[in-house]
Amino acid sequence: MSTATAASLSTDQPSTQARDHTSQRVCERGLTWIKPSFLWMMYHCGWGTKERRETVLAVEITREGFEWALANGCLSHYERGLHSDRASWKRQLKRAPARVQWDPERDLRLQPLPHRSLQLGLAGEAARRYADEWTVSITDITDSTGLAHEIHGYVRNGDLEAARRLLPRETPYPVPDGLLDHLRPPAQSPVETSS
């Protein structure tokens with residue numbers, strides 16, 4: 001399963017050090033967010049042009065790790081009908097190693113769509129597992145010849161069809177029964193991910 005994370009890496013850093021850098025970066029910060037949606041990530045980082053978000057790494061992680069984070073996660077905001085009360089939600093959020101929020105998916109022009117994509121914040125044990133156990137591969141998709149810049153070039157030139165052909169294939173994640181019951185109201189749309 002592929003996810004993405006934005007970072008500010010030095011330009012002289014060899015890609016062979018990316019995993020070690022990601023591990024150190026994840027563990028030294030309190031929370032890191034991974035985004036399973038390519039276009040939502042491009043919205044978040046402005047196609048790799050926003051300050052401190054110039055580098056976007058496509059991080060392939062294990063399904064087991066992703067599902068562990070979901071199973072041990074807490075919704076990042078209080079939701080009446082899902083949580084018994086605000087105080088118990090706050091206690092759960094404080095203890096949870098992962099936070100989940102649902103944000104509008106984006107189109108090629110980075111405008112919001114009517115369905116939502118999952119964003120997963122990792123802290124503590126989840127962040128360490130992500131960096132040290134779950135990560136399968138890391139690819140910089142914002143280097144000068146990277147996928148993000150190529151797609152963005154087509155979008156800037158108005159060739160949305162060419163841009164669309166280059167998008168990573170994303171499909172709703174095959175969620176095991178009950179895995180997301182504690183993370184979304186019953187009417188919430190499926191998780192959008194690349195698989």
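All figures in this text were calculated on a predicted structure; none of them were measured in a lab.
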| said: Using only atom types and a distance under 3.5 Å, with no angle test, would you say the side chain of D140 pairs donor to acceptor with the backbone of T142? | reply: yes

| query | Does the H83 side chain pair with the main chain of E79, one donor and one acceptor, at a distance under 3.5 Å? | reply | yes

| task | Give a yes or no answer on whether the side chain of W89 reaches the backbone of L75 with a donor-acceptor pair at less than 3.5 Å. | result | yes

| Is R106 reaching over with its side chain to a backbone N or O of L39, donor-acceptor style, under 3.5 angstrom? | no

| said: If I take atom OH from residue Y154 and atom NE2 from residue H149, how far apart are they, to the nearest 0.5 angstrom? | reply: 15.0 Å

| field | Minimum-distance pair of heavy atoms, taken over all atoms of C45 and R53 | value | CB-O, 3.5 Å

| Can you check whether V59 reaches V136 side chain to side chain, under 4.5 Å on heavy atoms? | no

| message | Looking only at the side chains, is there a donor atom on one of S37 and E105 sitting less than 3.5 Å from an acceptor on the other? | response | yes

| said: Working note: L122 + W33, criterion side-chain contact (heavy atoms from CB on, under 4.5 Å); need CA distance, chi angles, decisive distance, verdict. | reply: CA-CA 6 Å; L122 306 175; W33 287 89; over 6 Å; no

| message | Please give me the minimum heavy-atom distance between Q92 and G73, naming the atom from each residue. | response | NE2-O, 4.3 Å

| field | Reported NE2-to-NZ distance for the pair H44 and K50, which is rounded to 0.5 angstrom | value | 7.0 Å

| said: With a 4.5 Å cut-off on side-chain heavy atoms, are L120 and P36 touching? | reply: no

| query | Going through the checks in order, is the side-chain contact (heavy atoms from CB on, under 4.5 Å) test met by V175 and L70? | reply | CA-CA 10 Å; V175 180; L70 292 174; 5.9 Å; no

| message | Set out, in order, the CA-CA distance, both residues' side-chain angles and the distance that settles side-chain contact (heavy atoms from CB on, under 4.5 Å) for E51 and E54, then state yes or no. | response | CA-CA 6 Å; E51 186 177 346; E54 297 91 351; 4.2 Å; yes

| message | Salt bridge or not between R128 and E125? Use side-chain N to carboxylate O under 4.0 Å. | response | no

| Using the ring of each side chain (for Trp, its six-membered ring), is H152 parallel, tilted or perpendicular to W47, with breaks at 30° and 60°? | parallel

| task | Working to the nearest 0.5 Å, report the span between CG of D177 and CG of D181. | result | 8.5 Å

| request: Mark yes or no for whether E60, through its side chain, and T135, through its backbone, hold a donor-acceptor pair below 3.5 Å. | output: no

| query | With no hydrogens and no angle check, is any side-chain donor or acceptor of E133 less than 3.5 Å from a backbone partner on A131? | reply | no

| request: List the steps, then state whether side-chain contact (heavy atoms from CB on, under 4.5 Å) holds for R99 with L93. | output: CA-CA 7 Å; R99 294 181 183 187; L93 182 66; 3.4 Å; yes

